[in-house]
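One structure is given below, encoded as structure tokens.
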Amino acid sequence: MQTIHTLVDLAKVKIGLTVVEALTQAGYSAVLAGGAARDLCHGKSCKDIDVIVVPNEITPEGYSNLCQWLDSYGFVQKDGITDYEFGEGMTCRILGVFEQTTRVGEIDVVIYNPLEFTTAIDCVKTGFDVNMNQYVIDNVVGESILTQYHGDSVSELALKRMRLIRNDISDTRRARLIEVAKELGWNYDCLVEKTML
């Protein structure tokens with residue numbers, strides 16, 4: 001999908017794609033995905049950019065090496081992971097979040113657990129909490145941002161029907177998702193009551 005955006009959004013995305021490219025060249029699986037990609041695809045500006053990454057080794061050293069790599073590029077680890085707060089029945093799917101404030105906005109690097117995910121696209125497909133966020137930014141061409149939806153059901157996308165992928169979200173996160181769904185015109189019935197997957 002291709003949409004035209006402001007220069008600020010284009011600058012944010014270009015910086016995010018540069019981070020993805022650097023991580024990929026360093027041997028990590030990384031994509032630019034989530035809320036920013038969703039908002040941009042819906043013609044809205046994005047607040048911040050999320051880079052999804054998986055350590056390339058299933059060891060504590062693999063995670064530590066990635067943290068050191070991010071530190072060397074000026075990213076700072078957030079205290080706790082409050083923006084990715086979990087509710088009951090959580091798994092440690094997210095190991096940490098690093099952030100960097102640039103001249104055009106914040107870039108977050110979200111590190112997913114390599115015991116649960118092999119690639120960054122796996123994180124998008126099965127690690128995100130709802131299908132409404134399963135967008136990836138592929139590229140920037142001129143003034144257009146190219147996005148792709150990675151949810152299982154194209155009909156859910158066409159109908160803008162939200163589906164829970166995981167139910168280990170906090171009540172705070174649930175309320176935020178409902179707020180975003182209302183703004184974008186998505187059906188959020190699956191979030192009104194807690195359901196077990």
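No experiment lies behind these values; they were computed from the predicted model shown.
D108 contributes atom CG, which lies 8.5 Å from atom NZ of K47 (distance to the nearest 0.5 angstrom).
Applying the salt bridge (charged side-chain N to carboxylate O under 4.0 Å, His left out) test to E179 and every residue at least two apart in sequence or in another chain returns R176. Not counting sequence neighbours, W69 has no partner by the side-chain hydrogen bond (donor to acceptor under 3.5 Å, both in side chains) test. In this structure, the side-chain contact (heavy atoms from CB on, under 4.5 Å) partners of K14, at least two apart in sequence or on a different chain, are V140. In this structure N133 satisfies the side-chain hydrogen bond (donor to acceptor under 3.5 Å, both in side chains) test together with R38, sequence neighbours excluded. Partners of Q100 according to the side-chain hydrogen bond (donor to acceptor under 3.5 Å, both in side chains) rule, which considers only residues two or more places apart in sequence or in another chain, do not exist here. Scanning for side-chain contact (heavy atoms from CB on, under 4.5 Å) contacts around E21 gives Q25, with sequence neighbours left out. Every residue two or more places apart in sequence or in another chain was checked for a side-chain contact (heavy atoms from CB on, under 4.5 Å) with T18, and none qualifies. For I15, the side-chain contact (heavy atoms from CB on, under 4.5 Å) test picks out T102, V104, I107, with sequence neighbours left out. Evaluation of the side-chain hydrogen bond (donor to acceptor under 3.5 Å, both in side chains) rule for N113 yields no partner, not counting sequence neighbours.
Annotation: side chain of Q77 is not in contact with side chain of D71 (no heavy-atom distance under 4.5 Å). By the 4.5 Å heavy-atom criterion applied to side chains, T119 and D122 are counted as neighbours. Side-chain atoms of V54 and T118, non-hydrogen and from C-beta on, never get closer than 4.5 Å to each other. Taking the side chain as every heavy atom from C-beta outward, I111 and V97 never approach each other to under 4.5 Å. Using a 4.5 Å heavy-atom cutoff, the side chains of Y112 and V53 are not in contact.
Residue L115 shares its hydrophobic cluster (ILVMFWY side chains chained together at separations under 4.5 Å) with I58.
In this structure, the ring of H42 has its center less than 6.0 angstrom from the ring center of Y135.
The salt bridge (Lys or Arg N to Asp or Glu O under 4.0 Å) pairs that include a residue from residues 148-161 are E156-R163, where partners are two or more places apart or lie in different chains. Listed by first and then second residue, the salt bridge (Lys or Arg N to Asp or Glu O under 4.0 Å) pairs that reach into residues 128-138 are D129-R173, sequence neighbours excluded.
Side chain of K12 to backbone of C46: a donor-acceptor contact under 3.5 angstrom is found.
Linking ILVMFWY residues whenever their side-chain heavy atoms come closer than 4.5 Å, directly or via other members, leaves L66 and V76 in distinct clusters.
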